[in-house]
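Taking it in order: structure first as structure tokens, then the write-up.
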Amino acid sequence: MKESEDILKTESQHFIEQTIEKDISEGKNGGRIHTRFPPEPNGYLHIGHAKAICLDFGMAQKYGGMCNLRFDDTNPTKEDVEYVDAIKEDINWLGFTWEEREYYASDYFGRLFDFAVVLIKRGLAYVDDQRAETISEQKGTTTQPGVLSPYRGRSIEENLTLFYRMNEGEFAEGSRVLRAKIDMASPNMHMRDPIIYRILYTPHHRTGTTWKVYPMYDFAHGQSDYFEGITHSLCTLEFEVHRPLYDWFVDQLMDSDYRPRQIEFNRLNLTYTVMSKRKLLELVKDGVVRGWDDPRMPTLCGLRRRGYTPESIRRFVELIGYTKVEAINDVSLLEYAIREDMNKRAPRVFGVLNPLKVIITNYPEEATEEVELVNNPEDETHGTRMVPFGRELYIEQEDFMENPPHKFFRLAPGQEVRLKGAYIVRCESFKKNENGEITEIYCTYDPETRSGGAQADRKVKGTLHWVSAVHCLDAEVRLYDRLFIDEDPSGHKDIDPREYLNPGSLTVLTGCKVEPSLGNASALDKFQFQRLGYFCVDYDSRPGRLVFNRTVSLKDTWAKVNKEEK
RNA sequence: UGUCCCGUGGUGUAAUUGGCAACACGUCUGAUUCUGGAUCAGAAAAGUCUAGGUUCGAGCCCUAGCGGGACAACCA
């Protein structure tokens, strides 16, 4: 019954899928689907871009189309090749490919220039000699129409000559621009004779000094879509008001039934972080974080270093969906996505973050043995491993209390716990130093309770992780917390998000102890430190000097109970 | 005193296009467990921003409000 219901239940589609399917059914563009992902190479990609990437490439995949990678490199003053390579690496890492279709808006500078000439010849573009401030003033306001530029009536010949001369380097930057002649009274500010070409002498990272004039975004994007045969140009909501202009240029360009259309969706916002490239750049420049790939950054390289997998990011994007509602998504959903992924895949290991020495007084002095531990209880195929056990061990400081509260299931004087995979031990006594800090715990073990042994089924409340003191490896562990203490740090007018920085966003722990099997782990290897969370080997890690990043903690209901009782 | 976009449990989304408001996360129970994790079973939680209208029937269509956002870069 339930199964048939599931089958009958039509899979729900978001509004972009619905639009695309409608276009297909109406036979638009011959039923062809072609999208593009168009980053500007002026910074690193962040998880907001991942949302766009999943859509652009995802729609192409789903509807048997193609997705181009196109660098929107129309502003040489802000762009650099450094970013081109990083962007490509991140897209590939996420699991998408543009095959051989790697394009640049700068590839179209010639065609764009020719198109501008066509517009001039049709009387639809003119050279304006006024300064930026004057043009801006004449634009009017959102409630008042603009005034016409005194240069608006120039002859076609004069416009043509001036535009060519602009590109020959005869005029200073800022002295002249080319504008489309549309409507200075339009309620849409973008239609009030938008600037389409400006003079720039900064060399371009790909075209060098070939060009002295560069097209503006609005004069490059739709046209590039058109040149590439893009059918669905998906972008974020803030470009909604640009759409009439996009369409206006396409109208001038069209010479067949083919036409690209722009569809806008909501940008990704995450709680407790900032997402704009500018603000992220400030964090890097100010040294608030260690770089673009700092594990606290929402950049893809940062998330990668933190231990996030491409699968978890794609899953998160799938969970939040695409709408036109401006929402702020909870980071805890992103954390859910990585936990869900790692739970199935990450090998379980023992790591002790804040070690406390335990001595098993009735265990033979020099003896050592190996116990067998399951690598992943969620997946038998991961097998088992042998972990050394001995008389002296380390457990977590948190796992012992001299005066335990009610319902504390761990070690305390007279209380019993299981050391996972090994024996049940009872705390008999402990030692304190002159500061009153507990330095050593003395336990006895019950040899019959070894896992798999005669008394193994004896029930105790708690199970602890541990490492053997003589065998374990030292490690540094970096714990991360949210970068900001405010849910929406950039959502307050006139307040700099940096006012809300979390001073405790990074905690570096040294002298942590991990089991010996971790000795040859390499960068980005991922593990579950049992009872603690998911951890990932950092790029800084070296044999003999291991460094781990905590990706995310395990859900900790004990911590919650504790907090509530406080 | 403009134009455009958007208002559905705490959060994010869905509702077969006008037919009993569903799913996920989170929360709370209980079972189970050699991870206080995971897993399994169950529960609470919105009557769809407001007021009208059309209709047998409105989250969906219409009107008017209210609230939020985008737009006046030689940025993208």
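Letters go in sequence order (proteins before strands), and every chain restarts at 1.
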Quiz item: Taking atom NZ of A/K461 as the centre, does the number of heavy atoms from other residues, nucleotides or ligands within less than 6.0 Å exceed 12?
Solution: no
Exercise. Compare the aromatic ring of A/Y217 with the six-membered base ring of B/A76 and state whether they stack according to the 5.5 Å and 30° rule.
Key: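 A/Y217 vs B/A76: stacking no.
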Do [X] side-chain and [N] base share a donor-acceptor contact under 3.5 Å?
X	N	result
A/H242	B/A76	yes
A/E378	B/G37	yes
A/R410	B/G36	yes

Quiz prompt | Whether A/F239 and A/Y217 hold their rings parallel, tilted or perpendicular, with breakpoints at 30° and 60° | solution = tilted
Is the phosphate of [N], meaning OP1 or OP2, less than 4.0 Å from a side-chain N or O of [X]?
X	N	result
A/Y336	B/C25	yes
A/R176	B/C74	no
A/T323	B/U13	yes
A/R198	B/A73	no
A/K560	B/C28	yes
A/T271	B/U11	no
A/T74	B/C75	no
A/N329	B/C25	no
A/Q530	B/G36	no
A/K555	B/G36	no

Quiz item: Which nucleotide in the list B/G12, B/C74, B/U35 gets nearest to the side chain of A/A327?
Solution: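 When the side chain of A/A327 is considered, B/G12 is the closest of B/G12, B/C74, B/U35.
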Quiz item: Considering only B/G68, B/A76, B/G37, which nucleotide approaches the side chain of A/T557 most closely?
Solution: B/G37
Exercise. Could you say whether A/N343 or A/P38 is positioned toward the 5' end of RNA chain B, judged by the nucleotide with the nearest heavy atom to each?
Key: A/N343
Exercise. Under a 3.5 Å limit for both distances, which nucleotide forms a Watson-Crick or G-U wobble pair with B/C28, could you say?
Key: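 Base-paired to B/G42.
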Exercise. May I ask which nucleotide in the shown strands pairs with B/C61, Watson-Crick or G-U wobble, both distances under 3.5 Å?
Key: B/G53
Applying a 4.0 Å non-hydrogen cut-off, can you work out what [X] is touching in the nucleic acid: base, sugar-phosphate, or nothing?
X	result
A/L419	nothing
A/Q528	base
A/R348	base

Practice problem: Specify the glycosidic conformation (syn or anti) of B/U48, with syn defined as within 90° of 0. | Solution: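 For B/U48, whose glycosidic angle is more than 90° from 0, the conformation is anti.
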Self-check item: Syn/anti label of B/G42 as read from its glycosidic torsion, with the cut at 90° from 0
Solution: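 Chi for B/G42 falls in the anti range.
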Practice problem: Tell me yes or no: between the side chains of A/Q262 and A/Y246, is some donor less than 3.5 Å from an acceptor? | Solution: no
Quiz prompt | Any side-chain heavy-atom pair of A/Y226 and A/H221 under 4.5 Å | solution =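 In short, these two side chains do not touch, never coming nearer than 4.5 Å.
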Quiz item: Do you know the tightest heavy-atom contact between A/E396 and A/L353?
Solution: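 Residues A/E396 and A/L353, closest heavy atoms: OE2-N, 2.8 Å.
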Quiz prompt | Taking every non-hydrogen atom, the tightest pair across A/R36 and A/D225 | solution = CD-OD1, 3.2 Å
